[in-house]
Amino acid sequence: MQVLQVQLEIRPDPAEVGRARRWARSRLAGSGVADDEPLAETLILLVSELVTNAVVHTGCPAVLRLSFQGGRGARSGAGAGTSASASACTGVGADGVVRLEVVDLSDCPPVPRHADGDETNGRGLELVDGLADRWGWNAEGIGKRIWCELDRCPAPAQVSASPPAPTPVLRGGGSSAAASGVTSAGGGRVATAGTSSAYGGMAAYGAF
């Protein structure tokens, strides 16, 4: 499986959260993920939460990593200007996976908690749990690594209409014949004689 990994070093400064968001957007665009895709918006929100946890709550430097696992339709190249260490260059295909990791120097394990009322803090891991397809953490060196993954689902297929089949006509003075038992595109039988389904097939939809 082809995987591209890029990383950014984060200073223990709250202003780094904004820089991390801008960096992540540029890396997504370079990997073929459009800025208006739901995946992009969700990932940027996750970057904000995990980087904030690392630099604000631990007061330690951190490393932000993005890994792009190509699925079907992945294109080569991570885009110009990508400062990355890559084992193999690939874009994110229609069913690829984007993995986000934040590594910090604190050995305190992440503890999800439910924020009550109008509290503005304590919602980070709750959001991660609700938005990510998978997440977890493990020890790394003297600190820890928190990771989460988002699946990129295929875009909905377009349904194209095909013209109806002509009604068969008997030659030699006979009247129009009803061609019964015509099979529709869905495999069933249609009631109207001599016609076929107006649609050429079923469209497959993938939801985020």
Side-chain angles (χ1 to χ4, degrees), residues 1-10 14-58 62-75 77-79 81-84 86 89-104 110-115 119-138 144-158 203-208:
M1 181 66 67
Q2 292 181 317
V3 176
L4 167 70
Q5 183 179 96
V6 293
Q7 69 178 39
L8 176 71
E9 294 184 358
I10 304 292
E16 290 287 83
V17 177
R19 186 170 76 96
R21 284 197 300 263
R22 293 189 295 272
W23 176 85
R25 283 192 186 278
S26 67
R27 298 291 81 81
L28 285 172
S31 297
V33 179
D35 199 44
D36 59 352
E37 281 192 43
L39 181 146
E41 294 303 319
T42 302
L43 188 94
I44 297 305
L45 180 56
L46 292 172
V47 166
S48 293
E49 295 300 330
L50 292 185
V51 171
T52 297
N53 282 347
V55 302
V56 174
H57 301 309
T58 71
V63 174
L64 168 62
R65 296 173 184 156
L66 290 178
S67 300
F68 303 97
Q69 178 178 299
R72 291 180 291 103
R75 62 180 180 81
T82 300
S83 56
C89 291
T90 181
V92 185
D95 56 356
V97 175
V98 180
R99 181 183 176 98
L100 162 65
E101 299 178 359
V102 174
V103 181
D104 62 50
V111 179
R113 71 181 184 89
H114 178 69
E119 286 186 84
T120 57
N121 295 324
R123 302 181 186 274
L125 290 178
E126 187 177 10
L127 279 173
V128 172
D129 185 59
L131 293 174
D133 291 299
R134 293 163 296 278
W135 80 279
W137 75 279
N138 56 276
K144 65 179 178 297
R145 172 176 56 186
I146 303 178
W147 60 269
C148 60
E149 292 181 340
L150 291 173
D151 298 328
R152 189 188 190 194
C153 298
Q158 297 295 323
Y205 290 83
F208 282 98

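Counting all heavy atoms, side chain and backbone alike, A40 lies closest to A34 at CB-O, 3.4 Å. In terms of heavy atoms, R152 sits closest to G32 at NH2-O, 3.2 Å. Closest non-hydrogen pair, R25 versus I44, comes out as CG-CD1, 3.5 Å. The shortest non-hydrogen separation linking R27 to V6 is CD-CG2, 3.8 Å. Taking both residues in full, the closest heavy atoms of L46 and A132 are given as CD1-CB, 4.4 Å, listed atom of the first, atom of the second, then distance. Of all heavy-atom pairs between R21 and S48, the closest is CD-OG, 2.9 Å.
Panel note: side chain T42, backbone L39; no donor-acceptor pair is recorded below 3.5 Å.
Between E149 and Q69 there is no side-chain heavy-atom pair separated by less than 4.5 Å. Between V103 and Q7 there is no side-chain heavy-atom pair separated by less than 4.5 Å. The side-chain heavy atoms of L64 and L100, taken from C-beta on, include a pair separated by under 4.5 Å. You'll find the side chain of N53 stays beyond 4.5 Å of the side chain of P110, heavy atoms only. A 4.5 Å side-chain heavy-atom check between V33 and L43 finds every atom pair outside the cut-off. Here the side chains of V128 and I146 are not in contact, with every heavy-atom distance at 4.5 Å or above. Counting heavy atoms from C-beta on, the side chains of V63 and E101 never come closer than 4.5 Å. Within the 4.5 Å cutoff, no side-chain heavy atoms of D35 are placed close to those of L28.
Rounded to the nearest 0.5 angstrom, L125 CG and W137 CH2 are separated by 11.5 Å.
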(request) Please test V47 against W23 for side chain to side chain contact (heavy atoms under 4.5 Å, CB included), starting from the C-alpha separation and ending with a verdict. (result) CA-CA 10 Å; V47 166; W23 176 85; over 6 Å; no
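Applying the side chain to side chain contact (heavy atoms under 4.5 Å, CB included) test to T58 and every residue at least two apart in sequence or in another chain returns C60, D104, S106, K144.
Salt bridge annotation for E9-R65: absent, with no cationic side-chain nitrogen under 4.0 angstrom from a carboxylate oxygen.
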